[in-house]
Q: 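Dropping the structure in here first, questions after.
Basis for what follows: all heavy atoms, side chains included, without hydrogens, waters or symmetry-related copies.
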Amino acid sequence: MKPHLEVRLRAGVAPPEAPYWVDVIRDRSLSTERFQPEVDRVLARHRVPVWVTRAYPPQGGAAWSPEELAAGLDRVYRLVLQESRAIPPSLLDDIRLVPVVEWVRMGAVGQAELPAARPAAMSATTDQESRDAIGLERAHALTRGDAGVTVAVLDTGIWLRHPELKHAMLPGFDFVDIIDGATEFLGDYVGADEDATDEVGHGTHVAGIIAGAGSRMPAGVAPGCRILPVRVLGALKQGEKRVGAGLLDNINAAVKWAVDQGAAVINMSLGVRHTGGGLPHAEVVDYAKKKGVTIVAASGNDGREERYYPGALPHVVAVGACERDGRVAGFSTWGEQVSLVAPGTEIYSTFLDDGYAFSSGTSHAAPFVAGAAALLQSYARQTRGARLGDGQVKHVLKHTADRPDGRFKTRKAGFGMLNLADALRLLDHKLDQMESRHAA
């Protein structure tokens, strides 16, 4: 992917026809150079030729749905520079002045530090404490998940043939297509395709917490559910640290794709700061909300009061991390956006090359909550043939969390520590009430 701009036209402006950017990567002959006359004149004046593509495709490839139109996804375009060159700031300023343009922003690479994983010998009982902390054994007495419930894992990919995970894998997609010349990246960083294989282990570790079979590690939260692997982060090395990085626009496209593939829950163990040009991921989170999909994200690992996106957006469940003694971990980012906390230190899960590892971070707390949301959906589906709304899932989780003190919500722990056993009990009660009202 060469440098590009994303442009959203104002409501009421007739959106021009253009191919989806992923299709143009595969077949450049599909590209078009004409966008909207006033914008085209600005581009010509700055001598910046572009290929015009859509940022998102309509679900099903035909007409836009009411939810897509309401979120404005039909009006977002990606203008890809035909030459690898810096985008003049004056070009953005001039495009912003065009009356039909709602906003324009440069394609940016978002980064997230990848917590180090410590490989370890396999054991079915290692780190059973983290699962016990959320009442997982009691929850599994009611349900271990349903194959009709899908959790999309947007991350560094997944080690697809891991024996703990292969039972749950659905066909996925790799949205990592970093700007040409980004040679500091490790492994695969260009060419969006169907291979969502993990090369660094972060996404594999996350997926095991959600759906690990429990053969040589504690079972995942929802091993009966399906996992949709979506690679959105490549990896690069900065000093001694490994950093996950991906184009924010590509992560947005991945969120929409996961929703359109039927995911009930999306786990995003990643986050970026807001640096201007509109809140990161806002339009696709809005779309997911309209489709009833629960998005769970890591709160961050800087130990400060800070806002990372998508976790800081309304309607996203931002998850902080707890120590083994139940206290909020010192590294866990906090603030009013935090919804819940979950185990996040020395968590044992799946890793590369069919292996296992320990890792710490809010990245590993978030999948406990994503798995919990999937388990609630599974129980409603299995016992009542129902699908819960996103608001119903959040209501149950927040009203059954274990409060750290007498307050309903705190800035460090949100509504408290995830209690999955109590969540399922409350859900069963709520479903009984709904049945009684319908019967009356």
Side-chain angles (χ1 to χ4, degrees), residues 6-26 30 32 35-36 52-79 100-103 105 148-154 170-173 175 192 194 226 228-230 232 248-268 278-297 309-310 313-317 373-374 377 380-381 385-394:
E6 282 226 340
V7 178
R8 177 156 144 165
L9 299 176
R10 293 191 182 279
V13 176
E17 290 300 319
Y20 179 40
W21 66 269
V22 172
D23 295 334
V24 173
I25 287 175
R26 295 172 172 175
L30 297 174
T32 178
F35 178 44
Q36 198 281 334
V52 179
T53 67
R54 284 194 179 275
Y56 308 104
Q59 183 178 12
W64 295 93
S65 70
E67 295 87 356
E68 290 169 324
L69 293 171
L73 301 184
D74 64 314
R75 297 183 278 117
V76 184
Y77 291 82
R78 183 177 298 199
L79 310 184
V100 299
V101 172
E102 183 173 318
W103 53 251
R105 62 194 179 205
V149 176
T150 297
V151 182
V153 176
L154 274 60
L170 294 170
F173 202 85
F175 282 89
E194 287 81 10
R226 293 290 178 262
L228 184 66
V230 190
V232 297
L248 296 184
D249 304 330
N250 292 7
I251 297 173
N252 289 342
V255 172
K256 183 180 187 299
W257 184 83
V259 172
D260 291 346
Q261 293 298 307
V265 182
I266 296 175
N267 187 88
M268 299 177 71
L279 296 178
H281 316 301
E283 67 251 19
V284 288
V285 167
D286 182 45
Y287 175 62
K289 175 182 178 290
K290 290 177 180 1
K291 299 286 281 188
V293 177
T294 300
I295 297 182
V296 179
Y309 294 83
L313 288 171
H315 315 303
V316 174
V317 181
Q377 289 284 8
R381 178 184 173 93
R387 173 166 176 167
L388 302 176
D390 172 50
Q392 292 172 307
V393 170
K394 292 170 180 170

Q: If every non-hydrogen atom of P310 is compared with every non-hydrogen atom of V285, which pair is closest and at what distance?
A: CB-CG2, 4.4 Å
Q: Taking W103 as the fixed residue, which of L9, V76, V7 is the one that meets the side-chain contact (heavy atoms from CB on, under 4.5 Å) rule?
A: V76
Q: What pair of heavy atoms forms the shortest contact from V293 to V259, and how long is it?
A: CG2-CG1, 4.0 Å
Q: Once ring-ring contact (aromatic ring centres under 6.0 Å, His included) is applied, do any residues pair with Y20, and if so which ones, sequence neighbours excluded?
A: none
Q: Before accepting this row, confirm whether a basic side-chain N of the pair R105/E6 lies closer than 4.0 Å to the acidic partner's carboxylate O.
A: yes
Q: Please check if the side chain of R78 supplies one atom and the backbone of W21 the other of a donor-acceptor pair under 3.5 Å.
A: no
Q: As an exercise, state the distance from CG of D74 to CZ of R54, rounded to the nearest 0.5 Å.
A: 6.5 Å
Q: As a quick check of understanding, evaluate side-chain hydrogen bond (donor to acceptor under 3.5 Å, both in side chains) for Y77 and Q36, giving each step before the final call.
A: CA-CA 11 Å; Y77 291 82; Q36 198 281 334; over 6 Å; no
Q: Say you draw a straight line from CD of E102 to CZ of R10; how long is it, rounded to the nearest 0.5 Å?
A: 6.0 Å
Q: I want to check something: taking the side chain as every heavy atom from C-beta on, are V24 and P19 in contact at a cut-off of under 4.5 Å?
A: yes
Q: Evaluate the criterion side-chain contact (heavy atoms from CB on, under 4.5 Å) for residue pair Y56 and N252; output intermediate values, then yes/no.
A: CA-CA 9 Å; Y56 308 104; N252 289 342; 3.3 Å; yes
Q: So, are E194 and R26 salt-bridged, with charged N and O less than 4.0 Å apart?
A: yes
Q: Can you tell me how far CD1 of I266 sits from OG1 of T150, rounded to the nearest 0.5 angstrom?
A: 11.0 Å
Q: With no hydrogens and no angle check, is any side-chain donor or acceptor of K394 less than 3.5 Å from a backbone partner on H315?
A: yes
Q: Starting at CD1 of I295, measure out to CG of N267 and round the result to the nearest 0.5 Å.
A: 10.5 Å
Q: For Q261, what residues pass the side chain to side chain donor-acceptor pair (under 3.5 Å) criterion, not counting sequence neighbours?
A: none
Q: Measure the acute angle between the ring planes of F173 and W257, then classify it against the limits of 30° and 60° as parallel, tilted or perpendicular.
A: tilted
Q: Please report the shortest heavy-atom distance between G172 and L228, naming the atom on each side.
A: CA-CD1, 4.5 Å
Q: Which atom pair, heavy atoms only, marks the closest approach of A254 to V232?
A: CB-CG1, 3.4 Å
Q: If only atom types and distance count, is the side chain of N250 paired as donor or acceptor with the main-chain N or O of F175 below 3.5 Å?
A: yes
Q: Say whether, by atom type as modelled, one donor and one acceptor occur between the side chain of R8 and the main chain of R75 under 3.5 angstrom.
A: no
Q: Compare every heavy atom of D286 with every heavy atom of A70, then report the nearest pair and how far apart it is.
A: O-OD2, 4.3 Å
Q: Name all residues meeting the side-chain contact (heavy atoms from CB on, under 4.5 Å) criterion together with D260; count only those two or more places apart in sequence or in a different chain, and write none if there are none.
A: Q59, E68, K256, Y287
Q: With side-chain contact (heavy atoms from CB on, under 4.5 Å) as the criterion, how do V255 and H281 come out once you've worked through the C-alpha distance, each side chain's angles and the decisive distance to 0.1 Å?
A: CA-CA 9 Å; V255 172; H281 316 301; 5.6 Å; no
Q: Taking the side chain as every heavy atom from C-beta outward, state whether R387 and R381 have any atom pair closer than 4.5 Å.
A: no
Q: So which atom in V149 and which in A264 form the shortest heavy-atom distance, rounded to 0.1 Å?
A: CG1-CB, 4.2 Å
